[in-house]
Amino acid sequence: MTSAPARKDLPPAYEPASVESRIYEIWERGGYFRPRVDPNQTPYTIIMPPPNVTGELHLGHGLEDAITDALVRWHRMQGEPTLWVPGEDHAGIATQNVIERELAKEGLSRHDLGRDAFLERTWMWVRKYRSRIADQHRKLGASADWSRDVFTMDGTIVKAVRTTFVNLYKDGLIYRGLRMINWCPRCETALSDLEVDYEEEAAKLYFIRYPVVGEGGMPLPDYVVVATTRPETMVADTGVAVNPSDDRYEERVGRMLLLPLIGREIPVVADDAVKPEFGTGAVKVTPGHDPNDWDIGQRHNLPVIVALDRKAAMNDEAGPYAGMSSEEARARILRDLEEGGFLDHVEDHTHSVGKCSRCNTVVEPIPSEQWWVAVTKEYAPGRSLAGDAAEAVRDGRIRIVPQRFEKVYLAWLDNIRDWCISRQLWWGHQIPVWYCPNGHTTVQVEDPPACPDCGAVVRQDEDVLDTWFSSGLAPHADLGWPNDTADLSYFYPTSDMQMGYDIMFFWCARMVMFGLYNMRDRGPAGAVPFRTVLFHGLIRDVQGEKMTKTRGNVLDPLVVAAKYGADAFRFAVLSGASMGADQKYTEERLAAARNFANKLWNTARFVLLKVGDRRVRRPHPADRETYALEDRWILSRLEQLEVDIDSLFRAYQLGEAARQIEDFLWNEFCDWYIEMTKVRLTAGDERPLAVLAHVLDRGLRLLHPFMPFVTEELWQALRDHIDDDMAPALIVAWFPKSGANWKDAAAEASMEHVIEVNRAIRNIRAEKKLDAGARPRVYLRANGHAPALLETLPATAFTSRVEPEVVAPAATLPQGEYGFARVGETEVVVSLPAVDAGVERARLEKDLADANAHAERLEKQLSNPQFRAKAPANVVAGMESTLAETRARVTGLKERLAQL
RNA sequence: GGGCGGUUAGCUCAGAUGGUUAGAGCGCUGCGUUGACAUCGCAGAGGUCACUGGUUCGAAUCCAGUAUCGCCCACCA
């Protein structure tokens, strides 16, 4: 073989570190991530779920990159103008917390800095982490268009956010109102319902006696017992409620009770919300500290007392308990109640406690003036944000994959409540509302220099918006909305969207609402933010625990990628589960994926070594008859694989696709085809070279969406050895799209037989413990498959290390010991040095029993007239031929047993 | 209280529209340094597909129910 060019001197093991950054640079320099805008083609667009700038990417982001990049590369290789828009999220509350923690290390609070300095400091952090995050995406191979990178506080997004706010306000869908909200006393802000996580906790139920007030205001020796888990809130009680149908309290309704310790008189009211069976059937009503009580209070005009301040400490309303933390107050109140004889008894009780999803602090329900989105309110006849969002999924304009998540999505929207969007934070989109001292309110996109109504100085609302308000605009805002940009008109609606199922409500639902609202000029089909949304599962640790910073089990995908290679990471997470299912992260899976990358590497090394400096022509179907059986077989198998991968991609079955490609390349191409070519190549037959190069080329293309780096590197090395119109890089090469040129059922059946025969030979070798170096004679008593066996005889000799010979079914054999196996119609006879008759008999008997059982099953099935009438013909025919083979096997086994 | 998902080999998991003896990786057993690869090759052991009943010619796959684990939703004083 002539000397090979230098680039073919591939090291014997794949070294990701020496390849990945160089390959990524080639892609980026080639401009392959930027789509060309072709009005004659439908683009493929996908928006990246913007990771929080709070820190670095974790495995979940790595999984998202793997999924998205696989889809993006597949579409790009279909020749579609393909755009993947990357982004980062300012993550208001989360980032503010991070910066506050940083400040705390210096002994500072944000109030020490003031708002402007605090924001300046946060921007510094953002700049640092944005580039770090982008770098991580690059290392993972994400082929996103970095020239379109979007940060959720970029000027264009600010405009989009304000425009949306103003429009919603004008449509009456945004309002300011006093409502019960979730207050985090640590973050000192309101939260939406979604930002509260509930945890079951063991607690106590305290039964407290509230004395009944007599005619002249004198306490009677009579009392009503109420049950509560939060005795400290009794300082803010303004009533006691019972169910109107509860005769135990019939005569108490309308009377006054004396609030113990405080001495305030509060009425007994009747309300349907009270469940008679719970506790005593009487509930203290604390409208300032409980959502239910707030509703009850509203219905009965009870005063609202708020006894907690913004840090959840007792305020002046708490009288003697003012200034205490709520825990202290609870202890003191319980002691005082007990001393006063008001504590009836205590029971164990488990209930769920709401915690801030960002800092795990117990959330306080308090009434507060906040900004809200009226999600169910009609802004046009029959149109509402939530209703439209549900309808788009119900009528199929938006498809959810896996489909089972549809129900979850719809159930949430059907029971949705107004969305609290204002946050008492500094970091975020400040609400575009201005107030003047004369009571005028201005709501507009641009900062007003003065009050448009009276010219007075204006002050902007200090609150910022929920982070999800801005990220919910991503699909259209990232493409330029509200400006009428070329990107927006060409790339919107986006094609696919992808996210963890855990943010379905936070993000997916909001994008659908906002997209349909802001883009409604496009009509029902054109306004949707995306056509399909994929929900992937979560990556958990080996124990199945969710990976969180507090558990300390978070893994950096780059650390993983550095050890095993980015391709291995991607392949492992994609092939590790099916869409929507959680997966456990295991190191073993990574190692397996790395091994596959290395196997591929060496496959290419072999092919390149054999091809040398030739430039081969692809096999042409017209020449089919000139090709050997194994050639026709592998080409037929490849074609089938291409068909299957295409349909798997269309069904978003990425994991299954990855597994099938691996299976083909490793188990069919390497283990059989390549091994069989060796003897031909050694004999000087060059015909397999074209097949080797062609199948490798196609295999690399198929695998590229999953393992972009190693496939690109190898393809670059292979590229010039194929005489065809080859793209400058694999990333923009055509994805294999199969015709029906090589499908060859006969070749597949014959090769399957050859493979089984070889397995049988090797099995006998292993079972009879023949020396590795021995080359025993093998007689293949063949019938129907004789030509195939004859053609592949040299390969059989080489790969199974035997001296094989094809003989007639009834051929007599020389005297000697033999090992036997039956493969379909072929009997495999391996000459042995000696044989243990007992062991052989046992083995044959077991085989016979298996074969008989199999034949019986088939006979039963085939003798069923219903089966023959209803089953498809090919199934029946297949079964019949299997039965014939199985019967032949039974006969053969019986004969050999008789011979023993 | 509603809803969803899992239960398949020792472990981690695939099995898209029901179809011939249910698969992979890891682990395990035996053999192997044959010129692509020991990150490898060859051979092998290992499964009542959680359980019960049903539909069907045929069920891991569809239906009903049971058990068990997990998740989501819900204003459980």
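A, B, ... follow the sequence lines: proteins, then strands. Residue 1 opens every chain.
Between the side chain of A/E675 and the base of B/rA36, at least one donor-acceptor pair of N or O atoms lies under 3.5 Å. Side-chain atoms of A/K678 and base atoms of B/rA36 include a donor and an acceptor less than 3.5 Å apart. Between the side chain of A/E767 and the base of B/rC31 there is no donor-acceptor pair of N/O atoms closer than 3.5 Å. For A/K599 and B/rC37, a side-chain-to-base donor-acceptor distance below 3.5 Å is present, hydrogens and geometry of angles not being considered.
The same atom, P, is picked in B/rG23 and in B/rC28; the two are 23 Å apart, to the nearest Å. Across B/rU17 and B/rG70, the matching P atoms stand 29 Å from one another, rounded to whole Å. Distance noted for atom C1' between B/rU8 and B/rC69: 16 Å (whole Å). With C1' as the reference atom, B/rC37 and B/rG32 are 15 Å apart, rounded to whole Å. Distance check on atom P: B/rA64 versus B/rG3 gives 12 Å, rounded to whole Å. Comparing the P positions of B/rG27 and B/rG19 gives an interatomic distance of 32 Å, to the nearest angstrom. Look at the P atom in both B/rA74 and B/rG65: the space between them is 26 Å, to the nearest Å. One P atom belongs to B/rG10, the other to B/rU29, and the distance between them is 16 Å to the nearest Å.
Cation-pi geometry between A/K678 and A/F606 is met: under 6.0 angstrom from the ring centre, within 45 degrees of the axis.
Distance from the side chain of A/V283 is smallest for B/rA77 among the nucleotides B/rC42, B/rG5, B/rA77. Checking B/rC40, B/rU34, B/rA77 against every side-chain atom of A/R801, the shortest atom distance belongs to B/rU34. Candidate nucleotides B/rG58, B/rG15, B/rG30 were compared by shortest atom distance to the side chain of A/K769, and B/rG30 ranks first.
Counting any heavy atom pair closer than 4.0 Å across all strands shown, A/N415 reaches no nucleic acid atom. At a threshold of 4.0 angstrom between heavy atoms, the contacts of A/R540 with the nucleic acid are absent. Across all strands, A/K584 comes closer than 4.0 Å only to sugar-phosphate atoms, never to a base (heavy-atom distances). Nucleic acid contact class of A/V876 (heavy atoms, under 4.0 Å, all strands): none. Within the 4.0 angstrom heavy-atom criterion, no nucleotide atom of any strand lies near A/P365. Among the atoms of the strands shown, only primed sugar atoms or phosphate atoms (P, OP1, OP2) are found under 4.0 Å from some heavy atom of A/A577. If you check every strand for non-hydrogen atoms under 4.0 Å, A/E880 touches nothing.
OP1 or OP2 of B/rA43 has at least one side-chain nitrogen or oxygen of A/R759 nearer than 4.0 Å. The phosphate of B/rC40 has OP1 or OP2 within less than 4.0 Å of a side-chain N or O from A/N595.
A salt bridge is defined here as a Lys NZ or Arg NE, NH1 or NH2 lying under 4.0 Å from an Asp or Glu carboxylate O, and A/R299 with A/D295 fails to meet this definition. Salt bridge absent: A/R887 and A/E825 never bring a charged side-chain N and a carboxylate O closer than 4.0 Å. Using a cutoff of 4.0 Å between basic side-chain nitrogens and carboxylate oxygens, A/E364 and A/R230 are scored as salt-bridged. The pair A/R762-A/E767 does not meet the salt-bridge criterion, since no charged nitrogen lies less than 4.0 angstrom from a carboxylate oxygen.
Comparing A/Y501 and A/N763 against RNA chain B, the residue whose closest nucleotide sits nearer the 5' end is A/N763.
Searching all strands for a Watson-Crick or G-U wobble partner of B/rC28 with both distances below 3.5 Å returns B/rG44. Across all strands shown, B/rG23 forms a Watson-Crick or G-U wobble pair, both distances under 3.5 Å, with B/rC13.
Residues A/F405 and A/Y501 bring their aromatic ring centres within 6.0 Å.
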